[in-house]
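Lettering follows sequence order; numbering is per chain, from 1. All heavy atoms count here, side chains included; hydrogens, waters and symmetry mates do not. As the structure is a prediction and not an experimental result, all values here were calculated from the model.
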2 protein chains.
Amino acid sequence: MEEKDVVRALAALAQAARLQVFRTLVVAGPEGLTPGAIAEALEVPASTLSFHLKELANAGLVTQEREGRYLIYRAAFERMNALLAYLTENCCQGQACLPAARNCPNC
Amino acid sequence: MEEKDVVRALAALAQAARLQVFRTLVVAGPEGLTPGAIAEALEVPASTLSFHLKELANAGLVTQEREGRYLIYRAAFERMNALLAYLTENCCQGQACLPAARNCPNC
DNA sequence: TCCATATTTCGACTATATTAGAAATATAAT
DNA sequence: ATTATATTTCTAATATAGTCGAAATATGGA
């Protein structure tokens with residue numbers, strides 16, 4: 001992941017409303033969610049949500065797919081992996097800086 | 001780490017100049033660096049750098065200590081750990097999303 | 001074809017962030 | 001005391017981001 005992309009991904013997550021949207025999509029998992037469902041869950045106007053989803057999509061953190069009349073947004077887990085990998089490698093260099101093993105039940 | 005703090009930390013890193021400053025401090029390690037040294041390395045005006053260091057400090061990602069005539073800034077590794085822990089726990093839920101083990105030579 | 005629903009785009013506005021020179025402050029050296 | 005160096009704070013300007021109603025677009029169903 002290039003530094004430019006890292007900054008874009010960080011910026012996409014560095015906003016309360018957007019972080020919530022992303023977290024909601026993470027919880028939803030591979031099924032994804034429609035903007036309508038997200039808007040209802042987070043009580044945010046459709047046009048505002050659309051703006052934030054676009055930001056997340058531009059950063060590569062969510063994907064969009066049309067399903068008939070609906071759109072389905074999904075968290076892009078690989079991209080999030082890549083972001084975490086970059087931060088782990090470049091922002092903790094030489095330090096004991098790997099909380100993952102301690103904090104994640106899956107490992 | 002509270003969501004509010006997570007957003008602040010992400011915002012602090014979500015800016016090219018600041019991410020570079022932070023990475024430079026990470027590379028410098030526990031010794032830290034003076035603003036003068038950082039300014040020279042990154043070729044950024046003193047007042048601009050000062051602004052960015054303050055942002056990083058407000059986010060808890062760097063610490064400041066006075067050493068005589070100089071100030072020494074250091075990366076706050078624990079805080080970075082906490083940020084990574086939050087992202088790992090909350091933004092990858094239930095997914096194979098732990099690149100740390102794969103990417104870090106220390107584990 | 002016409003209507004209803006889902007969602008985005010547009011537009012105008014407000015708010016926040018970034019930049020960098022100049023002035024102020026802190027400390028050390030002479 | 002005075003001067004020099006390191007750094008921050010101030011200030012004013014520019015630039016970027018966020019909000020949301022209204023209008024536009026896309027699709028499915030009657």
Side-chain angles (χ1 to χ4, degrees), chain A residues 3-25 28 31-76, chain B residues 3-25 28 31-76:
Chain A
E3 179 162 310
K4 197 189 63 176
D5 299 312
V6 170
V7 170
R8 286 221 274 170
L10 289 170
L13 297 174
Q15 211 273 353
R18 262 185 328 250
L19 185 58
Q20 280 187 221
V21 169
F22 185 72
R23 295 227 291 131
T24 303
L25 287 173
E31 313 268 290
L33 289 171
T34 63
I38 302 170
E40 189 176 27
L42 304 182
E43 304 191 64
V44 61
S47 62
T48 300
L49 176 61
S50 189
F51 167 81
H52 288 310
L53 285 170
K54 190 151 89 172
E55 291 290 302
L56 287 166
N58 283 155
L61 286 167
V62 305
T63 62
Q64 186 203 55
E65 186 193 5
R66 184 169 279 278
E67 181 106 355
R69 188 160 31 161
Y70 303 83
L71 285 174
I72 299 185
Y73 282 92
R74 296 183 177 87
Chain B
E3 179 163 308
K4 198 189 63 176
D5 299 312
V6 170
V7 170
R8 285 221 275 168
L10 288 170
L13 297 174
Q15 211 274 354
R18 252 169 355 234
L19 185 58
Q20 281 187 221
V21 169
F22 185 72
R23 296 225 291 131
T24 303
L25 286 172
E31 312 269 291
L33 290 172
T34 63
I38 302 170
E40 189 176 27
L42 305 181
E43 303 190 65
V44 61
S47 62
T48 300
L49 176 62
S50 189
F51 166 81
H52 288 310
L53 285 169
K54 191 152 88 172
E55 292 289 301
L56 287 166
N58 283 155
L61 287 167
V62 306
T63 62
Q64 186 203 57
E65 187 192 5
R66 184 169 280 278
E67 181 108 352
R69 191 168 19 168
Y70 302 84
L71 286 173
I72 299 185
Y73 283 91
R74 296 184 178 86

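Contact detail for B:A17 and B:H52: the closest heavy-atom pair is CB-NE2, 3.9 Å. For B:Q20 against B:T24, the heavy-atom pair with the smallest separation is O-OG1, 2.7 Å. Here the closest heavy-atom approach between residue B:A76 and residue B:T63 is recorded as CB-CG2, 4.3 Å. Of all heavy-atom pairs between B:F22 and B:L61, the closest is CE1-O, 3.2 Å.
Listed candidates were D:dT27, C:dA20, D:dC20. Nearest to the side chain of B:T48 is C:dA20. Side-chain atoms of B:F51 lie closest to C:dT18 of the nucleotides C:dT18, D:dT19, D:dG18. Closest approach to the A:E55 side chain among D:dC20, C:dT27, D:dG18 is made by D:dG18 (side chain taken as heavy atoms from C-beta onward). Taking only side-chain atoms of A:R66, from C-beta outward, the nucleotide of D:dT27, C:dT18, C:dT27 with the closest atom is D:dT27.
Nucleotide C:dA20 holds its P atom 12 Å from the CD atom of B:E43, rounded to whole Å. In this structure, the CZ atom of A:R8 is 14 Å from the P atom of D:dT16, given to the nearest Å. Taking atom CD on A:E65 and atom P on D:dT27, their separation rounds to 13 Å, with Å as the unit. The CD-P distance, from A:Q20 to D:dT19, rounds to 11 Å in whole Å. Between B:N58 atom CG and D:dT9 atom C1' there is a gap of 14 Å when expressed in whole angstrom units. Residue B:E40 contributes atom CD, which lies 15 Å from atom P of D:dT5 at whole-angstrom precision. In this structure, A:L49 places its CG atom 11 Å from C1' of C:dT8, rounding to the nearest Å. Taking atom CG of residue B:L33 and atom P of nucleotide D:dA6, one finds them 15 Å apart after rounding to whole Å.
Note on B:S50: a side-chain N or O is less than 4.0 Å away from OP1 or OP2 of D:dT8. B:K54 has no side-chain polar atom (N or O) that falls below the 4.0 Å cut-off from OP1 or OP2 of D:dT7. Between C:dT7 and A:Q64, no contact under 4.0 Å exists linking OP1 or OP2 to a side-chain N or O.
Taking a 6.0 Å sphere around CD of B:E3, one finds it holds more than 12 heavy atoms contributed by other residues, nucleotides or ligands. Counting non-hydrogen atoms of other residues, nucleotides and ligands closer than 6.0 Å to CD of A:E40 gives a total of 12 or fewer. Residue-environment remark: CD (A:E67) stays at or below the threshold of 12 foreign heavy atoms within 6.0 Å.
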Scan nucleotides 3-6 of chain C against the protein and return all N/O pairs shorter than 3.5 Å with their distances rounded to 0.1 Å.
residue	atom	partner	partner atom	Å
C:dT5	O4'	A:R69	NH1	2.9

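Mapping B:I72 and A:H52 onto DNA chain D by nearest heavy atom places B:I72 at the nucleotide closer to the 5' end.
As judged by a 4.0 angstrom heavy-atom cut-off over every strand, B:E67 is placed among residues making no nucleic acid contact.
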